[in-house]
Amino acid sequence: MNDLDTDLPKGIALTVLDERYRSNPYNILDRIRRATPLHHDDELNQHIATHHDDVKSILRDKDVWSDPRKGKQGSFIYELLGGANDEEPSMLLMDEPNHKRLRSLVSKPFMPSAVERWRPRTQQVVTRILDGINESEFDLIKDFANPIPTVVIAELLGIDASHHDNFKIWSDQSVKTAFSPFPDSEDLKVAEIAQQKLDDFFLKEIEVRRKNLGDDLLSELIRAEEEGDKLSQAELVLQCNLMLIAGNVTTTDLIGNGIKALLDNPQQLQLLKDDPSLIKNAVEEMLRFDSPVLNSARIPNRDMDVQGCPIGTGESLIVSLASANRDPNVYPDPDTFDIKREDTHHQSFGGGRHMCLGAHLARLEAQEAILAIITRYPDIKHGQKGFVRATVPSFRGMESFWVTT
């Protein structure tokens with residue numbers, strides 16, 4: 001694979017389960033990007049693309065697969081994501097024509113104009129959560145960044161507030177092992193139970209809603225129709241799960257990582273306080289600088305190559321979003337956090353047909369949450385108890401992040 005550095009990290013060393021990678025993946029990814037056009041990890045049987053233009057091109061290739069069942073048996077994606085499973089995967093891992101059908105049915109509520117209507121409601125949620133913080137030093141993840149996306153999506157789905165805490169617990173438990181190449185057996189049991197609880201809950205909610213449709217998002221999904229086609233019961237449950245789980249973890253991490261970047265760079269924090277209109281550009285820079293999602297995955301539908309490095313049909317091709325976002329051939333001073341950066345385009349939401357459906361909502365939530373907390377607490381700083389990075393593979397976030405006001 002033309003790896004010029006024979007000691008490039010492989011296997012667990014390229015996941016957040018490794019302390020060095022968890023602490024700072026960017027130094028490791030930079031080393032790989034400089035050493036080789038395409039990194040072959042023979043420990044986990046995967047190829048890793050780290051260069052911006054390669055990542056962008058692969059994500060937008062309409063022909064490559066996402067369905068793990070099409071991978072070679074024994075390859076990383078096949079083994080990790082359930083290639084032996086006969087069931088249709090979630091939309092996240094679905095190929096055409098099923099993906100196009102499902103996305104067309106669920107996409108309308110997530111269009112920018114539709115999402116923008118949720119901004120006042122999101123502002124109310126953020127204010128309510130801030131009003132509940134009574135200590136001068138608190139865990140920003142547990143008390144602020146964690147509940148916001150859970151409550152927002154639950155309210156939009158029309159779920160009663162009494163279930164919000166359970167939602168967060170179940171979604172966190174179910175995702176912990178989802179992308180882990182080395183899952184703990186006890187965690188797997190907990191994740192399975194949590195997933196069953198979510199499924200049962202959504203089935204009941206769907207039954208209730210069918211009898212009395214409202215103006216909530218779940219009612220919109222039940223009503224959704226495209227050329228006479230509608231979502232099945234199983235598809236509704238899968239879509240609710242996807243919104244809750246994928247949206248919760250990533251948006252929590254975006255808010256946490258974004259505020260940490262501001263506190264690590266006081267001059268940038270001051271710029272935003274002086275000019276709140278910078279918030280949209282600031283959030284895009286946060287997504288580029290410290291992406292909540294580190295990797296995405298594709299399966300070649302044909303023998304192909306990346307910069308002359310061959311990859312066979314059905315092999316595992318991992319695209320490093322984090323590395324692409326720090327490629328110095330595309331971004332001047334890529335390791336500098338600059339909320340006035342002119343080009344803040346990034347790969348953090350993926351691309352092509354699998355572009356993140358909830359991207360607009362994640363942006364909106366982060367904008368409102370970050371502006372609100374620096375307005376409420378203009379002197380916010382790092383707390384004495386520090387922070388602890390999370391260990392959920394493929395994601396970059398924090399388990400705790402103490403701040404003082």
Side-chain angles (χ1 to χ4, degrees), residues 88-94 97-126 147-161 163-164 167-168 171 198-199 201-252 254-255 280 283 287 292-293 348-369:
E88 186 75 20
S90 76
M91 192 169 67
L92 197 65
L93 303 173
M94 198 177 279
N98 291 344
H99 175 268
K100 183 177 181 181
R101 169 192 165 265
L102 193 56
R103 187 154 180 138
S104 67
L105 282 167
V106 303
S107 61
K108 287 180 183 176
F110 295 96
M111 301 295 283
S113 57
V115 169
E116 190 59 36
R117 293 200 297 270
W118 300 341
R119 191 178 290 273
R121 204 158 169 182
T122 302
Q123 290 169 338
Q124 291 169 5
V125 169
V126 171
I148 286 173
T150 310
V151 174
V152 168
I153 198 66
E155 289 205 354
L156 295 178
L157 284 167
I159 306 302
D160 189 86
H163 299 295
H164 292 178
F167 258 24
K168 188 59 188 175
S171 61
L198 280 171
D199 289 350
F201 180 85
F202 282 129
L203 281 169
K204 289 177 184 175
E205 285 292 314
I206 291 165
E207 186 180 342
V208 168
R209 214 66 98 256
R210 284 193 191 281
K211 295 174 181 175
N212 187 21
L213 291 173
D215 61 357
D216 56 86
L217 180 54
L218 182 52
S219 295
E220 284 190 54
L221 292 174
I222 292 170
R223 287 193 192 96
E225 188 169 348
E226 188 78 16
E227 297 179 358
D229 189 16
K230 295 178 78 70
L231 294 170
S232 69
Q233 189 94 326
E235 288 169 340
L236 280 166
V237 171
L238 270 175
Q239 190 57 34
C240 288
N241 271 300
L242 186 60
M243 285 188 294
L244 182 66
I245 295 169
N248 272 347
V249 175
T250 53
T251 307
T252 289
L254 170 56
I255 294 168
K280 289 187 177 180
V283 167
L287 284 158
V293 182
S348 297
F349 288 127
R353 66 173 182 267
H354 280 286
M355 179 77 174
C356 175
L357 188 65
H360 302 299
L361 179 58
R363 285 181 166 113
L364 185 152
E365 289 178 82
Q367 291 163 11
E368 294 303 328

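In plain terms, the two heavy atoms of Asn248 and Pro149 that are nearest each other are OD1-C, 3.3 Å. Here the closest non-hydrogen pair linking Ile222 and Ile206 is CD1-O, 4.1 Å. Shown here for Ala114 and Pro109, the closest heavy-atom pair between the two residues is CB-O, 3.5 Å. Pairing each heavy atom of Ile148 with each of Val125, the nearest pair is O-CG1, 4.3 Å. Pairing each heavy atom of Ala362 with each of Leu254, the nearest pair is O-CD2, 3.9 Å. The two residues Ser90 and Leu238 come nearest to each other via the heavy atoms CB-CD2, 4.3 Å.
Taking CZ of Arg101 as the reference point, atom CG of Asp229 lies at 4.0 Å (rounded to 0.5 Å). Between Leu218 atom CG and Glu205 atom CD the span is 7.0 Å, to the nearest 0.5 Å. In this structure, Ile153 CD1 and Ile159 CD1 are separated by 10.0 Å, a value rounded to the nearest 0.5 Å. The SG atom of Cys356 sits 9.0 Å away from atom CZ of Arg363, with the distance rounded to the nearest 0.5 Å. Distance check, rounded to the nearest 0.5 Å: CG of Leu105 to CD of Glu220 gives 13.0 Å. To the nearest 0.5 Å, atoms CG (Leu287) and CZ (Phe349) are separated by 4.5 Å.
Counting heavy atoms from C-beta on, the side chains of Val237 and Asn241 come closer than 4.5 Å. In this structure, Leu236 and Arg210 have side chains that are in contact, with non-hydrogen atoms separated by less than 4.5 Å. Side-chain contact between Arg103 and Arg353 is absent, with no heavy atoms from C-beta onward closer than 4.5 Å. Under the 4.5 Å side-chain criterion, counting only non-hydrogen atoms from C-beta, His360 is not in contact with Leu364. Looking at heavy atoms from C-beta onward, Leu157 lies out of side-chain contact with Asp216 at the 4.5 angstrom threshold. With a 4.5 Å cut-off on side-chain heavy atoms, Leu203 and Gln233 count as touching. By the 4.5 Å heavy-atom criterion applied to side chains, Leu217 and Phe110 are counted as neighbours.
Around the CG atom of Asp215, the shell of radius 6.0 Å holds no more than 12 heavy atoms that belong to other residues, nucleotides or ligands. Residue Met111 qualifies as open at atom CE: its count of foreign heavy atoms under 6.0 Å is 12 or below.
Between the Ser219 side chain and the Leu213 main chain, no donor and acceptor come within less than 3.5 Å of each other.
The only member of Lys230, Met243, Arg209 that meets side-chain contact (heavy atoms from CB on, under 4.5 Å) when paired with Leu221 is Met243.
Between Glu116 and Arg119 there is a salt bridge, since at least one side-chain N of the basic residue sits less than 4.0 Å from a carboxylate O of the acidic one.
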Inset, instruction - Output, in order, the C-alpha distance, side-chain angles, deciding distance and verdict of side-chain contact (heavy atoms from CB on, under 4.5 Å) for Val152 and Glu368. - result: CA-CA 12 Å; Val152 168; Glu368 294 303 328; over 6 Å; no

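Relative ring orientation between His99 and His354 is described as tilted, the plane-to-plane angle lying within the 30° to 60° band.
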